[in-house]
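Ligands are counted one by one from 1 in listed order, and the atoms in each one are counted from 1 as well.
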Amino acid sequence: GVAALLDELRHGGVKTAIGSSSKNTSLVLHRLGLDDAFDAVVDGTMITRSKPDPEVFLTAATRLGVRPGLCLVVEDATSGIDAGLAANMWTLGIGPHTRVGHAHAVVAGLGGLAWADLAARLDEGAWTIRRTAPPAPDHHLETLFTIGNGHIAVRGTTLEARPGEEAASFMHGVWDDMPVCRTELANLPHWWQIDITANGQPLRDRVGESYLSLDLRTGTLRRVLTWRPDPATELAITDERFLSLADPHTGAVRVSVTVTRGQAEVRLRAGLTGHVDNLGLRHWDITGQTAAITDQARLALATRTRATSIGLAVAASFAAGDATYDTCDAWGQPAVTATRTLAEGATLTATKLVILASTAETPDPAAYADDRLREAETAGWSGLADANRRAWAEVWATSDIVIDGDPAAQLAIRYNLFQLVIAAPRIADSSIGAKTLSGFGYRHHVFWDTELFMLPFFTLTQPELARRLLDYRWRRLPGARRKAAAGGKRGARFPWESAGTGDEVCPSWVENPADPAHLVRIWTGDLELHLDADIAYAVDQFWRATGDDAFMRERGAELIADTATYWADRAEWGADGWYHFRDTMGPDEFHEHVDDNLFTNQLAVWHLDTADRVLGWLEARYPADAAALAARLGIDQSTRELWRRVASRIAPPVVRDGVSEQHAGFFDLTEVDFALARDPRRTLSMQQVYGIDGTALTQNLKQPDVLMLAYLFPEHFTETEFLANYHYYDPRTDHELGSSLGPAISAIIAARAGDTSAAYGHFCRAARADLDNVRRNAGDGIHGASAGGLWQAVVFGFAGLELREDGWSTRPRLPAAWTRLRFTFLRRGVPQTVVLTAEIE
Ligand code: IFM
């Protein structure tokens with residue numbers, strides 16, 4: 001079929017090349033009568049490295065005069081697809097998924113396909129994350145293939161639950177406490193599992209060749225598997241699952257088993273498993289269960305968290321058509337099995353529909369789940385899938401980013417936005433943890449990651465979700481007041497790590513994996529003050545972008561004012577005639593117990609000024625509300641005067657050669673060993689190299705600190721000052737192995753400095769954080785801040801979007817490969833579309 005396709009391509013103006021490591025390529029083409037079929041030929045005389053090295057395809061692109069990112073590689077070998085991906089080209093795999101399943105799109109052959117068919121598959125490929133499944137559990141891929149719906153998420157572990165996997169599903173709001181700061185979301189009873197047995201062999205023990213794909217347009221995870229349970233039998237298995245974005249309580253799983261050789265007795269066992277834990281910590285008591293076959297096979301399980309007494313109900317129905325059904329009622333794991341003998345060519349398809357509800361949402365979750373299950377049964381898989389697809393289409397209509405010329409970046413941005421969307425609470429009074437809902441890392445605790453890194457995406461694309469995230473903080477003001485009072489201060493100080501109640505859940509001590517005999521003191525909860533201002537900044541940005549005066553009037557003003565009171569009380573008046581914030585820590589956590597961290601000081605100044613401005617606005621617009629708020633918070637004229645005095649008398653930084661000192665004494669620290677810092681073979685962070693105390697004596701930075709300030713407040717720095725600070729601090733930052741929060745911000749900073757190529761390097765580091773597990777810790781969960789920062793890097797960095805009171809503008813600095821960038825955002829509720837096209841020489 002390739003000849004007809006080549007013909008069509010030529011007439012359609014598409015250039016083609018053939019690449020081969022054979023030196024006889026031209027001869028072979030000649031004998032086939034294809035001398036003129038291609039616009040370019042690359043053969044073994046022109047390249048020195050064979051696939052999976054990308055040389056052959058990059059040479060072909062050069063010969064065609066086409067940018068690599070606008071090329072499509074068509075290949076039937078695993079190494080060929082690897083080479084195409086390494087060249088950052090689109091890839092079309094010919095052959096079974098088990099061989100080329102990691103290509104952007106897969107077809108059985110080119111025969112009968114027209115260009116439009118290929119384009120459609122590629123379009124789908126630009127929304128699909130594909131990987132060959134590993135033979136043994138791989139925690140990175142489990143995180144990578146996390147799906148969810150803004151209320152529940154489930155890691156991409158197998159249906160049959162193989163030993164060694166970190167199988168987990170979490171629901172917003174279902175916190176439980178364990179002694180010594182183990183407040184975390186409880187791993188839900190495992191609701192998605194289906195054990196597959198053929199001819200008496202369980203799949204979990206004998207895994208075949210499989211590949212995984214995640215459709216980002218619908219949040220559907222699919223696995224395609226070839227399995228030989230015994231030498232005479234071969235099965236093709238496909239399983240799919242999604243959590244409906246249209247209904248936060250609903251999950252659906254479907255599995256189909258086809259006998260491709262021999263015959264098989266296939267048994268599918270669908271269960272609800274309540275005996276689960278969070279890496280060894282158990283959070284649930286089982287309180288009830290049923291397994292029954294009436295008009296339909298149905299299961300129910302009720303559990304309660306041990307410390308917080310949150311009740312959870314799970315209800316499921318299981319339908320496998322014409323099969324023999326049986327139930328199993330073992331305590332804590334009700335299950336139903338469906339068994340059928342299949343001849344060669346026959347298929348068994350089974351669907352498991354699941355509803356999960358908790359007492360955080362409804363007083364009788366069991367009755368609620370049961371009712372909703374009947375509705376789900378009526379809708380069936382296809383009805384639920386349609387509703388889910390429609391809900392996702394609405395999200396992507398305001399949130400998608402289109403990048404032409406860079407397939408890897410296109411997929412990466414969509415993937416990262418997908419992970420943000422599924423983690424943002426849609427109905428619960430909750431927020432997004434640093435590792436989202438995708439793993440056990442940081443025990444789902446909420447950091448500044450949410451407000452400064454993730455929130456801008458929501459503020460400008462889905463403001464109702466942004467408001468919910470800010471509401472979470474407002475509802476936890478009592479916890480913040482308790483933290484301020486515990487430190488002997490007035491006002492509110494938000495906890496560095498926040499969970500259900502809003503009290504501090506940052507551990508003071510943690511195990512040191514390298515030296516289990518000694519605990520490590522964690523100071524962030526004591527010293528990292530800037531969070532209050534980070535939240536206030538997010539509130540102010542939300543207000544400016546949305547014009548949501550009601551939010552500011554009812555919640556934002558209180559939040560900003562009470563935290564301002566904390567700042568004013570925490571500031572120390574010095575003998576030198578300035579106020580200081582002593583014994584703190586800025587974003588650069590390599591330096592603890594520092595005085596006058598510039599980021600902290602400047603954000604405090606802005607916060608105090610903003611509190612005064614916001615209360616002024618409230619007095620002018622809603623005097624009764626202003627008076628009530630002032631009375632409630634104990635704010636009078638003397639409080640406001642103190643705010644102004646502290647803001648105007650904060651100790652100014654030392655400035656040397658235009659560079660502002662990060663904190664008092666920073667310039668006296670030992671210079672960075674740049675050869676070591678830049679060594680690409682380095683596998684330890686600079687802090688691991690020198691130790692905690694040793695690093696604090698050097699100028700190595702974990703993440704941007706002064707430069708983060710310059711990002712948030714560009715107007716605080718003249719162009720010359722900004723560049724001086726960029727050139728000083730950027731090389732001192734441990735971009736590779738410091739904080740994962742850094743690279744996306746560094747991309748924005750470098751783009752502003754006009755260093756687009758460095759910016760693109762930082763962007764790629766952030767883009768790959770979870771897709772390629774660059775920090776080797778993606779198994780703990782998605783790096784949510786990095787994902788949010790990536791959106792900012794595109795919108796504020798490469799597009800240079802500037803939002804002003806009277807409108808907006810762009811200052812594009814597109815990476816070299818990008819030929820076009822398109823995104824939308826909402827300004828005061830009105831959609832704005834930005835399309836930037838590169839001038840191609
Ligand atoms: O909030 C971050 C912090 O800035 C660096 N350490 C990890 C935290 C959670 O992501």
- Step through it carefully: locate the ring centre of W496, locate the ring centre of H530, and say whether they are under 6.0 Å apart.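 For W496 and H530, the ring centres are under 6.0 Å apart.
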- Task: May I ask you to check whether H445 and Y442 place their ring centers less than 6.0 Å from one another?
- Result: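 Centroid distance H445-Y442: not below 6.0 Å, so no.
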- Item | Pairs flagged by side chain to side chain donor-acceptor pair (under 3.5 Å) wherever residues 786-799 is involved - sequence neighbours left out |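 Sorted pair list: Y711-Q792.
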- Please identify each residue that fulfils side chain to side chain contact (heavy atoms under 4.5 Å, CB included) with N601, with sequence neighbours left out.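 Counting only residues at least two positions away or on another chain, N601 forms a side chain to side chain contact (heavy atoms under 4.5 Å, CB included) with F581, D596, I650.
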- Steps toward side-chain hydrogen bond (donor to acceptor under 3.5 Å, both in side chains) verdict (H607, T563): CA-CA 8 Å; H607 189 159; T563 42; 3.0 Å; yes
Below 3.5 Å only, please: the N or O atoms of ligand 1 paired with protein N or O atoms, distance on each line.
from	atom 1	to	atom 2	distance (Å)
ligand 1	1 (O)	W448	NE1	3.0
ligand 1	1 (O)	D449	OD1	2.6
ligand 1	4 (O)	W448	NE1	2.9
ligand 1	6 (N)	E589	OE1	3.4
ligand 1	10 (O)	D449	OD2	2.6

- Message: Which residues pass the side-chain hydrogen bond (donor to acceptor under 3.5 Å, both in side chains) test with H591, not counting sequence neighbours?
- Response: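 side-chain hydrogen bond (donor to acceptor under 3.5 Å, both in side chains) list for H591, sorted by chain: D588.
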